[in-house]
Amino acid sequence: MRIATWNVNSLKARLPRVEQWLAEVSPDVLCLQETKLTDDAFPSMAFSALGYEAVHHGEGRWNGVAILSRLGISDVVDGFAPGLAPDGDARLLTASCGDVRVVTVYVPNGRAVGHEHYHYKLDWLARLRRHLDQVADPSGDVVVCGDFNVAPDDRDVWDPAACHGGTHVSAAERSALEEVVGWGLVDVLRQRHQEPQLFSWWDYRAGNFHRHLGMRIDLLYASAPLARRLSWVLIDRNARKGKLPSDHAPLVAEFSPA
DNA sequence: ATGGTCGCGCAGCGA
C-alpha cells in the first residue's frame, strides 16, 4: 500500500496540482491538511474521477482535513473520539482504508511559546494520544500522519540555534509528540533515513526553499507491525517547486502486503 | 533593502 500526506495550504488553490500529483504518484491513500474548505465545497467529484473515495472534515476559511482512498473508506470519526473534549477546529480525521486504520492530523501551530494557542497545541497533542486509544489498536496496521507542526529533533530544522526559543522545537512540544509516539508508533522516514536536513516545509518568504531553509514537520507514523513492512519512504520536494506550490511537500511511504 | 510570501477575502490576520 502506498500512502501519502500533504498539507496543501488551500485545496481550492491547489486542486490542479493535487490532481496532477495523484496521477503521477498514484497513492492508494492521500491525507490532506489545510483544505480551507467547507464540507459542501469539497471537490469530491474531481477525486472520484481519479478513482478515489474521499471524506472531508472542514470548516471553511481555516484548517480542514481529508482522506482520499481507493481501498474504500469506513468507520469515519470527525475530530476527537466521543468522551474527549471536542475541538472547535477541523484538525483531525480518522478512517479505515482497506485493512489500515488511518488518522490524519493538522496540529495547531502554537504561534509563540507561552501563547494561549501554544497551550492549546500541547493540550491538543495530549488529547491525540487519548484519541488513538479510542479509535485504533497499535497491534494492528495503523498510520498516523499529517502536519504535526513539531520538528522532532534538531536534525529536522535548518539551524537549531536560529530556531531556539521558537515554536516547533521547544522541549514541551517535543515531549508532547513523544507521548503520542509512545502509543506505539514508528517515524518511518527516520526508520529508513537518519541524515539531517530532510525538510517537508519551507517558508514562502525570502527564497527559503531555494536556500534549503526548512523544517521537517510533516510526519508519517506507522504502528510497529506496519512499520516492519516499509518498502520505501520519501519527501517529494519536486512538488514544492514550480508555479503555485504549497509551502509543504508531500511525504509518501510504501508498505508491502501483510 | 530591518523586509522578504502566500491564502483568504477585501483589511489585516494567520502561517
Side-chain angles (χ1 to χ4, degrees), chain A residues 5-21 30-43 46 56-66 79 87-93 104-125 128 145-152 156-170 172-174 176-177 199-219 235-251:
Chain A
T5 181
W6 194 4
N7 179 325
V8 292
N9 185 21
S10 168
L11 185 55
K12 182 181 175 186
R14 219 64 62 208
L15 184 59
R17 287 191 68 129
V18 173
E19 289 175 306
Q20 181 181 8
W21 190 84
L30 173 61
C31 297
L32 300 174
Q33 302 86 36
E34 281 206 269
T35 62
K36 299 186 177 179
L37 295 174
T38 61
D39 290 336
D40 287 347
F42 184 78
H56 181 247
H57 176 48
E59 59 186 86
R61 290 181 61 179
W62 311 110
N63 311 311
V65 284
D87 191 6
D89 295 351
R91 298 181 175 276
L92 175 62
L93 186 57
T104 193
V105 304
Y106 175 46
V107 176
N109 174 286
R111 298 187 191 167
V113 174
H115 191 284
E116 179 182 13
H117 201 263
Y118 174 82
H119 296 293
Y120 163 58
K121 178 181 193 172
L122 296 177
D123 179 69
W124 201 97
L125 286 164
L128 177 60
C145 66
D147 178 358
F148 283 78
N149 271 316
V150 179
D156 300 316
V157 299
W158 76 94
D159 180 352
C163 295
H164 185 75
T167 58
H168 298 61
V169 300
S170 72
E173 286 163 275
R174 286 173 168 171
L177 180 62
F199 303 137
S200 67
W201 168 85
W202 302 259
D203 198 303
Y204 283 124
R205 293 171 288 187
N208 278 8
F209 177 66
H210 300 285
R211 296 162 64 202
H212 306 291
L213 305 179
M215 289 190 182
R216 189 176 73 97
I217 56 178
D218 300 273
L219 310 171
I235 297 168
D236 182 9
R237 66 188 303 285
N238 283 326
R240 179 63 175 77
K241 300 177 181 175
K243 195 177 160 114
L244 295 176
S246 170
D247 47 352
H248 296 252
L251 171 63

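Below, chain A is the first sequence line, B the second, and so on; all start at residue 1.
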Side-chain N,O ([X]) to OP1/OP2 ([N]) below 4.0 Å:
X: A:Arg61; N: B:dG9; answer: yes
X: A:Ser10; N: B:dC6; answer: no
X: A:Arg205; N: B:dC6; answer: no

May I have the distance from [X] (atom [atom1]) to [N] (atom [atom2]), rounded to whole angstrom?
X: A:Lys12; N: B:dC8; atom1: NZ; atom2: C1'; value: 9 Å
X: A:Gln33; N: B:dG14; atom1: CD; atom2: C1'; value: 17 Å
X: A:Trp202; N: B:dC6; atom1: CH2; atom2: C1'; value: 16 Å
X: A:His115; N: B:dA15; atom1: NE2; atom2: C1'; value: 13 Å
X: A:Glu116; N: B:dC13; atom1: CD; atom2: P; value: 17 Å

In whole Å, what separates the [atom1] atom of [N] from that of [M]?
N: B:dG4; M: B:dG9; atom1: P; result: 22 Å
N: B:dA1; M: B:dG12; atom1: P; result: 28 Å
N: B:dC6; M: B:dA11; atom1: P; result: 22 Å
N: B:dC8; M: B:dT2; atom1: C1'; result: 27 Å
N: B:dC10; M: B:dT5; atom1: P; result: 23 Å

* Structure fact -> side chain to side chain donor-acceptor pair (under 3.5 Å) with A:Gln33: of A:Thr104, A:Asn7, A:Asn63, only one passes, and it is A:Thr104
* To do: With heavy atoms under 4.0 Å as the rule, sort A:Arg211 into base, sugar-phosphate or nothing.
  =>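 No contact.
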* Residue pair A:Trp124 / A:Asp89, side-chain donor-acceptor N/O under 3.5 Å -> no
* **Heavy-atom pair with the smallest gap, counting every atom of A:Ile217 and A:His168** => CG2-CD2, 3.9 Å
* To do: For A:Met215 and A:Val157, work out which heavy atoms get closest and say how close.
  =>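 Of all heavy-atom pairs spanning A:Met215 and A:Val157, the closest is CG-CG1, 3.8 Å.
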* By nearest nucleotide on DNA chain B, pick out whichever of A:Asn109 and A:Tyr204 is the more 5' one. =>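 Taking each residue's closest nucleotide, the earlier one in sequence belongs to A:Tyr204.
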* **Nearest-nucleotide comparison on DNA chain B, the residue closer to the 5′ end among A:Thr35 and A:Tyr106** => A:Thr35
* Asked: Within the distance-only criterion (no hydrogens, no angle test), does the side chain of A:Asp236 pair as donor or acceptor with the backbone N or O of A:Pro250 below 3.5 angstrom?
  ->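 Here the side-chain-to-backbone pair does not exist.
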